[in-house]
Structure formats: C-alpha cells, structure tokens
Protein chains: 2
Amino acid sequence: MGDYPSPDMADVELVDVLKALGDPVRLQIVHKLADGEPKPKTLDGWGLDLTKSTMSHHFRTLREAGLTRTIVHGRTHAIQLRRDELDQKFPGLVEAVLGER
Amino acid sequence: MGDYPSPDMADVELVDVLKALGDPVRLQIVHKLADGEPKPKTLDGWGLDLTKSTMSHHFRTLREAGLTRTIVHGRTHAIQLRRDELDQKFPGLVEAVLGER
DNA sequence: CAAACAGTTCGACAACCATCGAACTGTCAC
DNA sequence: GTGACAGTTCGATGGTTGTCGAACTGTTTG
C-alpha cells in the first residue's frame with residue numbers, strides 16, 4: 001500500500017479543521033484520541049457501528065484536514081492526534097473542543 | 001415577520017457549532033462579529049459577494065446553531081455573537097476560533 | 001395609500017458527503 | 001506459497017448543503 005501523507009501544518013486551514021470536526025463520528029474519534037496515544041484503527045472501543053469502509057473514509061478525512069497522522073505498522077495502522085502541532089497553530093482549539101478545562 | 005428564536009444554550013451541541021463554523025462564509029461572518037457588537041445584516045463590510053437570500057441562509061444557520069442572536073429593529077435586523085453564553089458553555093472555543101491570544 | 005426598503009421563504013439546481021458492499025492491495029502466519 | 005487479516009478504493013445511493021432568482025411579508029417614508 002501507499003503511504004498516508006498528512007499535510008504540512010503550515011497549509012492547514014482553520015475552516016477545514018472545523019469542518020472535519022463538525023461531524024459526530026469524527027468528533028467522537030478525536031475524543032478517543034485525546035490522550036495523545038496512537039490508537040489502532042481496528043479499535044473496538046470507538047463506540048461506532050459503522051463498516052470498515054466508512055471508518056476508513058473518516059480516518060482519511062481527519063488526516064487530510066490535518067488533525068491526525070497515520071502510523072503504519074506492518075499490516076496494522078494506528079492513528080494519532082497531532083496535538084502539539086495543532087496547539088501551536090491553533091492555540092486552545094483542541095483543548096476547547098475536547099472540553100478540557 | 002415572525003421572530004427569530006435562538007436555541008437555549010443548554011440545547012446547543014458542540015458538533016452543530018463546529019459544523020456551522022466549518023464554512024468559510026460563516027466563519028468570516030463570525031470574525032466580523034468578534035467585537036461583540038451587533039452588526040446590521042445589511043453591512044457592506046462582510047467582504048462577501050453573495051445575494052441577500054444566501055446571506056439570509058447563513059444568518060439563519062448561525063442562529064439555529066446557537067452562535068448568534070438576531071435583534072429586530074423595525075425593518076432592519078442586527079446580528080450579534082452570543083459570546084458570553086458560548087464562553088460559558090464551551091470555554092475557550094470562540095477565543096480559539098477567532099485566533100485571539 | 002403607495003412606493004421603496006429590509007429581509008425571509010420557496011423552488012430549483014448542482015455539488016458535496018456519509019454510508020454501504022464488493023473488489024482490491026499489501027502483510028503476516030502457517 | 002496460500003490463506004487469513006487489515007485496510008483502502010471504487011461505484012452507487014440517498015441525503016444534505018450552498019447558491020441563486022423570484023415571490024413574498026412586514027416596515028418606513030413620502
């Protein structure tokens with residue numbers, strides 16, 4: 001398989017981040033990623049009853065919007081929130097969205 | 001004309017707020033409202049080249065998502081960011097979206 | 001009252017999007 | 001190597017959305 005390029009944070013636009021977050025499935029995924037640890041895409045605990053192709057679509061959307069990065073490990077993939085970069089580019093945004101405070 | 005009810009902030013969902021903000025036109029409108037002052041819907045300075053019906057659609061979307069309130073003044077309407085309520089319900093969100101810091 | 005004005009609503013249209021199943025690609029285990 | 005496994009991609013489908021023009025509603029001003 002190919003690779004899964006995340007955009008440079010310099011090219012990430014706020015409106016695209018917000019659009020990606022403006023979907024209940026993706027917002028929930030981001031919540032599960034809040035602790036910063038990479039999570040396998042196969043995770044049972046997403047709490048979502050969707051097919052793999054739909055999940056794949058959302059993972060791609062999050063990655064292309066700049067919110068996550070994909071870590072390939074043989075035949076398994078993990079997804080991780082780009083927390084540090086996001087905090088630098090959009091200070092307070094992730095914190096506010098996750099409701100931490 | 002009827003009235004323009006804003007939802008109770010208790011009923012406002014984060015995902016709907018984010019979806020409303022995830023559009024370039026509406027994000028720009030919110031930026032213009034950042035100072036908290038009500039702005040007439042007729043404002044020339046929105047910086048948007050759209051018809052009145054399209055603007056009306058976006059104003060409605062923002063209001064129904066809980067982001068703004070409409071102030072009717074005879075035949076003119078003003079729109080205002082619900083800053084205090086939003087700050088209370090989603091601390092730091094508006095600040096982060098507006099890029100204040 | 002009549003005309004101008006501010007704004008909404010409606011219908012249409014195209015573009016986009018979430019979802020699914022099926023087919024496909026790459027990797028690991030046997 | 002062959003089959004199971006993890007994940008992506010593709011095509012289709014139905015629903016949503018952004019945009020416009022035209023018609024409409026309510027308000028102010030002559």
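In what follows, chains are A, B, ... by sequence order, proteins preceding strands, each numbered from 1. We use all heavy atoms of the structure for the numbers below, so side chains are in, but hydrogens, waters and symmetry mates are not.
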Side-chain donor-acceptor pairs of residues 63-71 of chain A under 3.5 Å, sequence neighbours excluded:
| residue | atom | partner | partner atom | Å |
| --- | --- | --- | --- | --- |
| A/R63 | NH1 | A/P5 | O | 3.2 |
| A/E64 | OE2 | A/R60 | NH1 | 3.2 |
| A/T68 | OG1 | A/R63 | N | 3.3 |
| A/R69 | NE | A/Q80 | OE1 | 3.2 |
| A/R69 | NH1 | A/E85 | OE1 | 3.1 |

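B/D23 is listed as a side-chain neighbour of B/H58, based on a closest heavy-atom distance under 4.5 Å.
Between the CG atom in A/L21 and the CG atom in A/L98 there is a gap of 9.0 Å [rounded to 0.5 Å]. The structure places CZ of A/R83 at 11.0 Å from CG of A/L33, a figure rounded to the nearest 0.5 Å. Note: A/D49 CG to A/M55 CE = 10.5 Å, rounded to the nearest 0.5 Å.
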List, with names and distances, any nitrogen or oxygen atoms from the protein found under 3.5 Å away from nitrogen or oxygen atoms belonging to nucleotides 11-14 of chain D.
none

Would you list the protein and nucleotides 9-17 of chain C atom pairs, both N or O, that sit under 3.5 Å from each other?
| residue | atom | partner | partner atom | Å |
| --- | --- | --- | --- | --- |
| C/dT9 | OP2 | B/R60 | NH2 | 2.5 |

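Between A/R75 and A/H58, the residue whose closest nucleotide on DNA chain C is further toward the 5' end is A/H58.
When atom types are taken as modelled, the side chain of A/W46 and the backbone of A/K41 share a donor-acceptor pair closer than 3.5 angstrom.
Looking at residues 29-42 of chain A, you'll see A/K41, A/T42 sit with a heavy atom under 4.0 Å from some atom of DNA chain D.
Atom CZ of B/F59 is separated from atom P of C/dA6 by 14 Å (rounded to the nearest Å). Regarding A/I79, its CD1 atom lies at a distance of 11 Å from the P atom of D/dG7, rounded to whole Å.
The six-membered or imidazole ring of B/F59 lies away from that of B/H77, with a centre-to-centre distance of 6.0 Å or more.
By the side-chain hydrogen bond (donor to acceptor under 3.5 Å, both in side chains) test, B/T54 is found to be paired with B/T51, residues two or more places apart in sequence or in another chain being considered. Judged as a side-chain hydrogen bond (donor to acceptor under 3.5 Å, both in side chains), and not counting sequence neighbours, the contacts of A/D35 are A/K39.
The only option from B/L62, B/I29, B/L86 that meets the side-chain contact (heavy atoms from CB on, under 4.5 Å) definition with B/L81 turns out to be B/L86.
Here the nucleotide nearest the side chain of A/T51, chosen from C/dC20, D/dG7, D/dT19, is C/dC20.
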